[in-house]
Enquirer: 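Structure in structure tokens, see below.
The structure displayed is predicted, hence computed values, not measured ones.
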Amino acid sequence: MRGVIMHGPGDVRVEERERPQIVQPTDAIIRVPASCICGSDLWPYRGIEEMNGPNPMGHEYVGIVEEVGDDVSIIKPGQFVVGSFFASDNTCEICQAGYQTHCIHRQPAAATGAQSQYVRIALADGTLVATPDQPDPELIPSLLAASDVLGTGWFAAVAAQAGPGKTVAVVGDGAVGLLAVLAARQLGTERIIAMSRHEPRQKLAREFGATDIVEERGDEGVAKVKELTGGLGAHSVVEAVGTQESMMQAIRSTRPSGHVGYVGVFHDVELPVAELFFSGITLHGGPAPVRRFLPEFIDLIWNRQIDPGKVFDLELPLDQAAAGYQAMDTRQAIKVLLRS
């Protein structure tokens, strides 16, 4: 099969690889019609995150089940399925609390790399959710978005306690931030402030439900949010970047009694404990428990009530994955879909 391998910073290649096989009796093998590049894939691409040798890439996936292990009883060959980036049994106490990302049997779901023609999925019964039938082709991008960026943006909005009567501010205009806007609107939020400097992303944010756009960053961005909220700050703030600047912008844009939902994969972020102590705000976040939301997402997408696939503004064949990485690295694309 063909699959994406990152050999080092800026060095992405599509190579012939061995097709994955069942290893554990709880595994499934799925054929991947479409995968995508994640913003978190850019950290090693830019040399910010260290790599230990060549790595198969990709953790977002949808596909058709080709084969299952002997202990898989819920997921069946032939089903079209959506999964999460972490595998979970979906039965332990932590999973039942809605935090499948912290399952006691947690492991990478797509360890063989989802930017490929086939992928092995661990703990298939707990990790995968089947669609009602084979989806129409136009639904595949949205179902693919559900496997990570929609779930991550949604969890951020939930963690920030977005909802009716709240003002939500979203720090970050990548796919996760944009889908946090969509989530906040679905959760009943009436006023949503999207922080973005880029016109195409601003346009999509408004399409997803943003009512205000703030182009300023850092302290100036904080001041603008407070100006828009009577000097108090937003009730709910999503942090969807993972840098020191974005985290501080989120914290300082939140009013006392407010909540920050943080989901940006952090790099060199230090929290100011003294400032937090006197802020009166709550922080909640981390790796999103996408599996918690998948049944709801599939229903919303299947019935065409939401279209998160709009975040894919560039589609390429798998063999052109290197061009996709470059496009996202240079912000020429919000998110790249790869057709296998």
Side-chain angles (χ1 to χ4, degrees), residues 1-4 19-20 27-38 40-41 56-68 72 74-88 90 100 108-154 175-176 179 182 288-312 314-318 321 324 335-340:
M1 71 168 188
R2 304 286 283 167
V4 175
R19 178 174 160 172
D27 289 344
I29 306 298
I30 68 173
R31 176 166 55 85
V32 182
S35 60
C36 54
I37 301 169
C38 183
S40 63
D41 294 333
M57 298 301 294
H59 55 265
E60 300 161 278
Y61 57 90
V62 294
I64 300 166
V65 179
E66 294 275 311
E67 182 183 0
V68 298
V72 178
I74 300 172
I75 297 301
K76 308 292 185 183
Q79 289 180 318
F80 192 94
V81 293
V82 185
S84 173
F85 49 87
F86 271 126
S88 58
N90 206 39
Q100 291 90 336
T112 60
Q115 292 168 15
S116 59
Q117 294 175 305
Y118 295 87
V119 62
R120 176 172 62 86
I121 304 299
L123 300 177
D125 274 344
T127 303
L128 300 173
V129 180
T131 58
D133 203 340
Q134 296 298 314
D136 292 336
E138 65 267 22
L139 293 182
I140 289 178
S142 285
L143 292 168
L144 179 58
S147 73
D148 182 354
V149 286
L150 174 60
T152 298
W154 198 286
V176 170
L179 289 173
L182 180 152
V290 173
R291 177 61 181 82
R292 182 206 304 183
F293 308 110
L294 278 180
E296 180 180 3
F297 292 164
I298 290 171
D299 183 66
L300 288 169
I301 292 165
W302 200 263
N303 292 299
R304 291 168 168 79
Q305 293 177 260
I306 60 172
D307 189 6
K310 289 180 179 179
V311 295
F312 294 109
L314 178 60
E315 181 175 319
L316 295 170
L318 181 65
K335 192 166 179 68
V336 177
L337 184 145
L338 300 172
R339 292 281 184 183
S340 301

Enquirer: Testing the basics here: between T112 and P56, what is the closest heavy-atom pair and its distance to 0.1 Å?
Expert: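 Answer, listing the atom of T112 first, then P56: O-CB, 3.5 Å.
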
Enquirer: Please give me the minimum heavy-atom distance between T152 and V290, naming the atom from each residue.
Expert: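 Closest approach of T152 to V290: N-CG2, 4.3 Å.
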
Enquirer: One pair to check against side chain to side chain contact (heavy atoms under 4.5 Å, CB included): Q134 and I64. What are the steps and the verdict?
Expert: CA-CA 9 Å; Q134 296 298 314; I64 300 166; 4.0 Å; yes

Enquirer: Begin with the C-alpha distance, continue with both residues' side-chain angles, and end with the deciding distance and a verdict on side chain to side chain contact (heavy atoms under 4.5 Å, CB included) for I301 and L139.
Expert: CA-CA 7 Å; I301 292 165; L139 293 182; 4.2 Å; yes

Enquirer: Do the side chain of T127 and the main chain of S88 share a donor and acceptor less than 3.5 angstrom apart?
Expert: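 Yes, because the side chain of T127 sits within donor-acceptor range (under 3.5 Å) of the backbone of S88.
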
Enquirer: Test your reading of the model: is there a side-chain donor-acceptor pair from T131 to the backbone of F80, 3.5 Å cut-off?
Expert: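 Indeed, once roles are kept as given, a pair shorter than 3.5 Å links the two residues.
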
Enquirer: Using a strict cut-off of less than 4.0 Å between a Lys/Arg side-chain nitrogen and an Asp/Glu carboxylate oxygen, indicate whether E66 and R19 qualify as a salt bridge.
Expert: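 Between R19 and E66 there is a salt bridge, with a charged N closer than 4.0 Å to a carboxylate O.
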
Enquirer: Would you say S35's side chain and R339's backbone share a donor-acceptor pair under 3.5 angstrom?
Expert: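 The answer is no, because no donor-acceptor pair under 3.5 Å joins these two groups.
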
Enquirer: Between I30 and Y61, is there a side-chain heavy-atom distance shorter than 4.5 Å?
Expert: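 Contact flag for Y61/I30 side chains = yes.
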
Enquirer: So, using salt bridge (Lys or Arg N to Asp or Glu O under 4.0 Å) as the criterion, who are the partners of D125 when residues are at least two apart?
Expert: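 Listed in chain order: nothing, the list is empty.
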
Enquirer: Considering all heavy atoms of both residues, which atom of Q115 and which atom of I37 are nearest to each other, and what is their separation?
Expert: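 Smallest interatomic distance, heavy atoms only, reads NE2-CA, 3.8 Å.
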
Enquirer: Using a 4.5 Å cut-off on heavy atoms from C-beta on, say whether the side chain of V32 contacts that of Q117.
Expert: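 Not touching, per the 4.5 Å side-chain cut-off.
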
Enquirer: Determine the minimum heavy-atom distance between P308 and L179, stating which atoms define it.
Expert: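 The pair with the smallest heavy-atom distance is CB-CD2, 3.6 Å.
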
Enquirer: Quick one: side-chain hydrogen bond (donor to acceptor under 3.5 Å, both in side chains) partners of E138, sequence neighbours excluded?
Expert: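 Here the qualifying residues are R304.
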
Enquirer: Could you go through L318 and V4, starting from their C-alpha distance and side-chain angles, then the distance that decides it, and tell me whether this counts as side chain to side chain contact (heavy atoms under 4.5 Å, CB included)?
Expert: CA-CA 8 Å; L318 181 65; V4 175; 3.8 Å; yes

Enquirer: Show the numbers, then the answer: is there a side chain to side chain contact (heavy atoms under 4.5 Å, CB included) between D41 and H59?
Expert: CA-CA 9 Å; D41 294 333; H59 55 265; 3.7 Å; yes

Enquirer: Do L316 and L337 make a side-chain contact, defined as non-hydrogen atoms from C-beta onward lying under 4.5 Å apart?
Expert: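 Result no, sub-4.5 Å side-chain heavy-atom pair not found.
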
Enquirer: When you compare the side chain of C36 with that of V336, does any pair of heavy atoms fall below 4.5 Å?
Expert: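 No, every pair of side-chain atoms sits at 4.5 Å or beyond.
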
Enquirer: Please check if the side chain of Q79 supplies one atom and the backbone of A130 the other of a donor-acceptor pair under 3.5 Å.
Expert: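 Not confirmed, Q79 side chain does not pair with A130 backbone.
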
Enquirer: What is the minimum heavy-atom distance between N90 and Q100, and which atoms define it?
Expert: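 What the structure gives for the nearest pair is OD1-NE2, 3.0 Å.
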
Enquirer: Taking the side chain as every heavy atom from C-beta outward, state whether K76 and V68 have any atom pair closer than 4.5 Å.
Expert: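 Of all side-chain heavy-atom pairs linking V68 with K76, none is under 4.5 Å.
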
Enquirer: If you define the side chain from C-beta out and look only at heavy atoms, does anything of V65 sit under 4.5 Å from R31?
Expert: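 The answer is no; the side chains never approach within 4.5 Å.
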
Enquirer: Just distance, no hydrogens or angles: give the donor-acceptor pairs under 3.5 Å from side chains in residues 292-300, sequence neighbours left out.
Expert:
{"unit_1": "R292", "atom_1": "NE", "unit_2": "G98", "atom_2": "O", "d": "2.8"}
{"unit_1": "R292", "atom_1": "NH2", "unit_2": "G98", "atom_2": "O", "d": "3.1"}
{"unit_1": "D299", "atom_1": "OD1", "unit_2": "N303", "atom_2": "ND2", "d": "3.0"}

Enquirer: Between A124 and I75, what is the shortest heavy-atom contact and its length?
Expert: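 Nearest heavy atoms, A124 then I75: O-CG1, 3.6 Å.
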
Enquirer: Any heavy-atom pair between the side chains of L128 and I121 that's under 4.5 Å?
Expert: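 With C-beta onward as the side chain, the pair touches.
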
Enquirer: State, with a plain yes or no, whether a side-chain heavy atom of C38 is found less than 4.5 Å away from one of K335.
Expert: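 Side-chain contact under 4.5 Å: yes.
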
Enquirer: Strictly distance-based, threshold 3.5 Å: is any side-chain N or O of S142 a donor or acceptor partner for the main-chain N or O of G309?
Expert: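 At least one qualifying donor-acceptor pair exists.
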
Enquirer: Without swapping roles, check the side chain of S84 against the backbone of S147 for a donor-acceptor pair under 3.5 Å.
Expert: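 Such a contact is absent between S84 side chain and S147 backbone.
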
